[in-house]
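In what follows, a structure is listed as C-alpha cells, so that the remarks can point back to it.
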Amino acid sequence: MKELKNIVVIGPVYPFKGGIAHYTGLLVKELSKKYNVKTVSYKMQYPKILFRKEQRDYENKTFEIKDAQFLINTANPFNIISSAKKINEMKPDLVIISWWHPYFAPCYSILASHLKNCKIAYICHNVLPHERFIFDKGLSKNTLKKADFCIVHSEEDKQNLSEILPKMLCKKNMHPTYNAFKIRGISRDEARTELGIKPDEKIILFFGLVRKYKGLIHIINAMPDIIGQNPNVKLYIVGDFGKDKADYINRINELNISSNIVIRDGYIPDNEVEPYFAAADINVCPYESATQSGILQIAFGFGMPAIVTRVGGLPEVVTDGETGYVVPPLDYKELANAVNKSLKDEELIRLRDNVVKDSYRFSWERMTETIEELWTESH
C-alpha cells in the first residue's frame, strides 16, 4: 500500500465566509500536524448573479491558511483544467474535496477527470442540498461517483449516499467541533457585560442564517410558554435574515414578547461570534429539516448544551437528556418544555458537564483517523 504523505484539500477558506470555510481551515490545520498539506481554494466561488451578497470577510484571520492558493474559477472550464494541472504538479497522494451543493458538480467533475495518480475523497457536508431541485440527485451522483471514498456527518447523509451510489466506500464521522471561535477567551461574565446582559438573565441563542427550514418561527411561538416559567429569559436571534424578516417581527408583536427578544440582524464577523456563545445558556436549533449543523459544533466548542429537533443528523449530535434535548419538529409546545427543563440551574450545570465529557466524538483528531482508515481500505 502506498504511504500517505501529500494531501491537497480543496474548498473555501479565509477570507471566504461561512461554516464550510471555517471547517476547511480547521481541517487543513489538523492534517498539517501529520502530513504535507496544500490548500486550493477559489478564485471565483459563486457568480454574483447567484450569490449577490459579499462572499468574503477580511476582518478576522483566525481561520487563515497562509499558503492557500486561490486557483479555481468554478464557472470557467478552461480555468478548472488549468487548476487540475497545477494540482497534479503538487503530486498529491490524496485530494480531499468539500461537497455541499450540486452547483459545484460541473466544476468538480471536470477537475476530477483531470487529476492524475492520486486518490480522491469527498467530505460531504450535504450529499443532497437542503433546498431540493430537479436533477440534484443526478448531478450529485455523477460527481461523487468519481471518488475513491467519501466521508459524511450523519446517518441520513450516509443513507442518501448509499441510495445514489450503493458501492461507494464511505464512513460517518461526526461533524468536528468549531473551537477556534474562542479568540479572546472571555468569561461568561465578561461576555454578558460586553453585550449588556444582566447576570440573572437566562439567554437562549438562535444563531446563523435565518432560513425557513431552520425553524425560527417555532422558538418564537414557544416563547410565551418559556417566559411563563422564566420571566427573566431572553431569546437572542443573531444572524442574517432574508426577505421574510417582517413576518417574524409581526409574529413577535402579535405574541407581545418583544421585550424578551433581542435581534442582531446581519452577517456576524468571526471575531464577533465569541461573546454570544460565551454569554448564552443554551443553543436552539428548531430545524424543520437538516442533515447536520455547524452551529451545534460552535455551541459544543463553548461547552453549551443544545435543544434540537429530531431531523437529519441532529439527534446523532445531541444525546437526548445528556448533552441537551431532542424534540419533535414543528412542535413548539415540546420545544418550550425542553427549554424550560434545560434552564434550571442544576440542569444547566449537568448538561454542560456532559458536553465536555462527549468532546472526543467531535474532535479533529478523530476526523484524521477516519481519513486514514478510509485511505487504508481504499487500497
Side-chain angles (χ1 to χ4, degrees), residues 9-14 16-31 39-42 45-46 51 55 63 72 74 95-105 107-109 111-112 120-133 136-137 139-141 143-147 149-165 168 170-178 180 207-209 211 213-214 285 287 289-301 308 311-317 361-364 366-368 370-371 374:
V9 176
I10 299 175
V13 292
Y14 169 91
F16 284 106
K17 293 180 180 181
I20 296 174
H22 299 147
Y23 183 112
T24 308
L26 291 171
L27 175 66
V28 168
K29 290 179 179 182
E30 184 63 33
L31 289 173
T39 308
V40 173
S41 194
Y42 312 111
Q45 183 177 22
Y46 297 113
F51 198 92
Q55 298 178 39
F63 297 91
I72 302 171
T74 61
V95 175
I96 300 174
I97 305 174
S98 294
W99 171 261
W100 69 96
H101 196 280
Y103 163 78
F104 294 93
C107 170
Y108 288 164
S109 293
L111 190 73
I120 298 172
Y122 280 97
I123 292 181
C124 300
H125 298 272
N126 304 301
V127 171
L128 302 172
H130 288 302
E131 296 163 336
R132 301 293 302 277
F133 63 91
D136 59 5
K137 274 191 178 181
L139 289 167
S140 300
K141 177 180 179 179
T143 306
L144 298 176
K145 71 181 182 182
K146 296 180 174 66
F149 59 85
C150 292
I151 294 173
V152 298
H153 294 318
S154 70
E155 194 62 36
E156 179 179 315
D157 261 343
K158 191 173 183 180
Q159 292 172 2
N160 286 339
L161 185 64
S162 178
E163 180 183 334
I164 61 175
L165 292 169
M168 176 58 64
C170 172
K171 283 185 183 290
K172 180 182 76 173
N173 191 101
M174 301 308 295
H175 191 306
T177 298
Y178 290 160
F207 191 93
L209 289 173
R211 299 293 181 265
Y213 76 87
K214 294 191 175 183
C285 293
Y287 292 7
S289 64
T291 49
Q292 39 82 31
S293 171
I295 302 302
L296 271 179
Q297 297 307 337
I298 300 176
F300 276 16
V308 303
V311 297
L314 302 189
E316 299 170 58
V317 178
R361 199 160 59 101
F362 307 104
S363 67
W364 288 97
R366 179 65 194 125
M367 172 60 75
T368 299
T370 298
I371 292 170
L374 285 165

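What you see is a predicted model, and the numbers here were worked out from it, not measured in a lab.
- Here the closest non-hydrogen pair linking D157 and N126 is OD2-CA, 3.5 Å.
- Scanning all heavy atoms of the two residues, the minimum distance from H175 to G294 falls at NE2-CA, 4.0 Å.
- In this structure the side chain of Y108 never reaches within 4.5 angstrom of the side chain of Y103, judged on heavy atoms.
- Although no hydrogens or angles enter the test, the distance criterion places no donor-acceptor pair under 3.5 Å between the side chain of S162 and the main chain of K158.
- In terms of the side chain to side chain contact (heavy atoms under 4.5 Å, CB included) criterion, residue partners of K171 (sequence neighbours excluded) are, by chain and number, T370, E373, L374, E377.
- S41 meets the side chain to side chain contact (heavy atoms under 4.5 Å, CB included) test with V13, F16, F70; sequence neighbours excluded.
- In this structure, the ring of Y122 has its center no less than 6.0 angstrom from the ring center of F104.
- Between I20 and T24 there is a side-chain heavy-atom pair separated by less than 4.5 Å.
- Ring pair Y46/W100 is perpendicular by interplanar angle, where above 60° counts as perpendicular and below 30° as parallel.
- For K137, the side chain to side chain contact (heavy atoms under 4.5 Å, CB included) criterion is met by L128, R132, E163, I164, not counting sequence neighbours.
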side-chain contact (heavy atoms from CB on, under 4.5 Å) evaluation trace for E30 with M367 | CA-CA 9 Å; E30 184 63 33; M367 172 60 75; over 6 Å; no
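- The shortest distance between side-chain heavy atoms of Y287 and I295 falls below 4.5 Å.
- Other residues, nucleotides and ligands contribute only 12 or fewer heavy atoms inside 6.0 Å of the NZ atom of K141.
- Within the 4.5 Å cutoff, the side chain of P102 has no heavy atoms near those of the T143 side chain.
- When atom types are taken as modelled, the side chain of R366 and the backbone of P176 share no donor-acceptor pair closer than 3.5 angstrom.
- Of the possible polar contacts, none joining the H125 side chain to the W99 backbone as a donor-acceptor pair under 3.5 Å is found.
- No side-chain heavy atom of L111 sits less than 4.5 Å from a side-chain heavy atom of V40.
- Remark: the backbone N or O of Q45 is paired with a side-chain donor or acceptor of T74 at under 3.5 angstrom.
- No side-chain heavy atom of F300 sits under 4.5 Å from any side-chain heavy atom of R361.
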